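Just so we're clear, the structure is a prediction, and the values are computed from it rather than from any experiment.
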Amino acid sequence: MPAFGFYHPALMIDLKHLRDNPEHYKLGAARKASNVDIDRLLTLDAQKRQSMTEMENLRAQQRVIEKEAGPQIGKLAGAIKKADGAEKAKLEAELEALKAKPAALKSQIQQHDERLAALEPEINALLLQVPLPPDADVPVGKGSEDNVEIRRWAPSWFDPSKAFEANKGFKAKSHIDLVSTLKLADFERGVKLGGTRHYLLTGDGMRLQQAVLRFAFDTMIEKHGFTPVYVPVIVREETMIGTGFFPQGREQAYHIEESKRGGGHDAFLTGTGEVGLMGIHMNEILDESSFPLKYCTVSTCFRREAGAAGKDTAGLYRIHQFEKVEQVVITRADEAESRDWHKKMISYVEGLLQALELPYRLLQCCTGDLGPKNADMVDIECWMPSRGTGGEYGETHSASRLYDYQCRRLNIRYRSGDKGTVVCHSLNNTVAASPRILIPILEMYQNIDGTVTVPKVLRPYMGGKEKIG
RNA sequence: GGUGGGGUGGCAGAGCGGUUGAAUGCGCCAGACUUGAAAUCUGGUUGUGGCAACAGUCACACGGGGGUUCGAAUCCCCCCCCCACCGCCA
């Protein structure tokens, strides 16, 4: 593996493709409500290439002169040491003349070099902001309100089109009430320790979380053949940029300013295990025969929730720290294969939710709801009886299809016989995020007497326990 | 935290001011031999970018950035990373 080097700026997006298809990228940016100035980027890029071509020609001249003059300079310098008087002065003049030739070129080269240095920061900043255009089959829309439902599923014993009470014969309590009476979580002490949006999970609350995570993790490893990995959650900025979370998502991540303490480098806390998993092969050239790489991790996730002030302030829905089982697939650059994996990764989650017997629906996210790095995204939402009035679906999973956008930034490639080195494709999807997933579990499995039945598949992870409370 | 040693092509590992984009070995690809395979032999095999895009051609890159020099993988400065030993420690 190469030692850590900064990503190559040209690897941020496929610049060649952008030059050939500017309208495609402009339309893509517009549909994602990005205001990146692609025309400006193209202008600067053209200037840069022109300057580069001129500079390279000068360099080539310089190299020719060097090869001719170099040995002569060496000889003259030797002769000067031995000579004296008029002879010495003459030789010195010759030497100066020889040296002057490449020196003239050098100053011209330097001018181009300075021009390039002046252009590059703006070009790079623009390049980093160009989003991956959404796929043509992604519905155009402004935000989450324009997302399109794909399908629903519910266990035979629950019909989400009817109220909870009609299904179960009593009024649903919210998970906030349930965790309070059953002593599964402690918000006051969480806030005392960590501030707003912090919490403790206690007793069977903690145990239930461990059970879901372990069930989800084991399913991915044992049933679907994913490779289990434990990854850093404290990473360098390059990793955040490479995975596509920065620069746009910078405000969302906790920043550890180690450089201000005089040592090392700054670090950021990751908001998802995806960062660690995708970072594994940063700056590597992989063997095509190793594909697909299927990684799964469980990690603590940190999110500042900047811009979400006042939203979902109560309960376990939106918090700063949580646990998540995440799946990631890296594969060869093939659209059909990418699409196929996307479907598979979603089906793994459906299998899991069906095993847990939680009603859910699949949402095709519209263009306005996609992040910069997604060509396509499908959200999975679980039914949460206490949300809104009479229950609502709430997001619990998100499955992204990224083409080569992320691998390009991370510089992850493979050798392909006829096409040389090729940038890989990557995909990711949540497997289970807790405690958010505890909301539908607790609320759906609550009983009229205030107890909560433990879902069958989780009982082996709860010491056989069937009921909480 | 202290002291010392290092970062070179897919991997291992030479080179330590000029013709070295880089020896050698491994791996990989093609060919020869073979009924086939192995072994052996021969040749090929870094990446990125610009221009042309059939072939090609030019430039840049020896952790990253800057400097010295006519010329740097080789010398100097800053940064990042790794390793060894000591100290501390979940």
Requested in this report: Would you verify whether the NZ or CZ of A/R197 falls within 45 degrees of the ring axis of A/Y199 while also being under 6.0 Å from that six-membered ring's centre?
Outcome: no

Query raised in the report: Between A/N57 (CG) and B/A59 (P), how many Å, whole number?
Result: 9 Å

**Report entry** Stems involving RNA chain B, each a run of at least 3 consecutive Watson-Crick or G-U pairs under 3.5 Å
**Finding:** B:1-7 with B:80-86, B:10-12 with B:24-26, B:27-32 with B:40-45, B:46-51 with B:56-61, B:63-67 with B:75-79

Requested in this report: Provide the distance between the two P atoms, one in B/C80 and one in B/U24, to the nearest whole Å.
Outcome: 37 Å

Report summary line: When rounded to whole Å, the CG to P distance for the pair A/L119 and B/G50 reads 15 Å

**Report entry** Which residue lies more 5' along RNA chain B, comparing A/D20 with A/D45 via nearest heavy atoms
**Finding:** A/D45

Query raised in the report: For atom C1', what is the distance between B/U46 and B/G10, given to the nearest Å?
Result: 9 Å

Query raised in the report: Is a salt bridge present between A/K16 and A/D20, judged by a nitrogen-to-oxygen distance below 4.0 Å?
Result: no

Query raised in the report: Is the shortest distance from a Lys or Arg side-chain nitrogen in A/D312 or A/R436 to a carboxylate oxygen in the other one below 4.0 Å?
Result: no

Report task. Assess whether atom CD of A/E188 is packed by more than 12 heavy atoms of other residues, nucleotides or ligands within 6.0 Å. Result -> no

Requested in this report: Examine A/R236 relative to A/F268 and say whether NZ or CZ is less than 6.0 Å from the centre of the six-membered ring and inside a 45° cone about the ring axis.
Outcome: no

Query raised in the report: Should the heavy atoms of other residues, nucleotides or ligands under 6.0 Å from CZ of A/R189 be counted, would the total exceed 12?
Result: no

Query raised in the report: CD1 of A/I123 versus P of B/G49: gap in Å, rounded?
Result: 15 Å

Report task. For nucleotides B/A84 and B/U48, find the distance between their C1' atoms and express it as a whole number of Å. Result -> 35 Å

Query raised in the report: Is the phosphate of B/C81, meaning OP1 or OP2, less than 4.0 Å from a side-chain N or O of A/R236?
Result: yes

Query raised in the report: Expressed in whole Å, how much space separates the C1' atoms belonging to B/G47 and B/C54?
Result: 24 Å

**Report entry** Nucleotide B/C79, atom P - distance to CD of A/E258 in whole Å
**Finding:** 16 Å

Query - Rounded distance in Å between the C1' positions of B/G9 and B/G27 - result: 13 Å

Report summary line: On RNA chain B, more 5' by nearest nucleotide between A/R49 and A/V422 is A/V422

Query - Whole-Å gap separating P (B/C58) and CE (A/M52) - result: 16 Å

Query raised in the report: Across the strands shown, which category fits A/K48 at heavy-atom distances under 4.0 angstrom: base, sugar-phosphate, nothing?
Result: nothing

Query raised in the report: C1' atom, B/U74 versus B/G18: distance in rounded Å?
Result: 11 Å

Query raised in the report: Within this structure, what is the CD1-to-P distance between A/I13 and B/G49, rounded to whole angstrom?
Result: 13 Å

Query raised in the report: Between A/Q50 (CD) and B/G50 (P), how many Å, whole number?
Result: 15 Å

Query raised in the report: Is the shortest side-chain N/O distance from A/R413 to OP1 or OP2 of B/U48 below 4.0 Å?
Result: yes

Report task. For B/U48, take OP1 and OP2 only and decide whether either is under 4.0 Å from a side-chain N or O of A/T421. Result -> yes

**Report entry** Within 45° cone and under 6.0 Å: A/K373 NZ/CZ vs A/F245 ring
**Finding:** yes

Query raised in the report: Can you tell me how far P of B/C60 sits from CG of A/D113, to the nearest Å?
Result: 11 Å

Query raised in the report: Hey, does the side chain of A/R59 come within less than 4.0 Å of B/G71's phosphate (OP1/OP2), counting only N and O?
Result: no

Requested in this report: Using the test ring-ring contact (aromatic ring centres under 6.0 Å, His included), find all partners of A/F291 that sit at least two apart in sequence or belong to another chain.
Outcome: A/Y414

Query raised in the report: For atom P, what is the distance between B/C28 and B/C82, given to the nearest Å?
Result: 31 Å

Requested in this report: Could you measure between the two C1' atoms, the one in B/A37 and the one in B/A52, and give it in whole Å?
Outcome: 45 Å

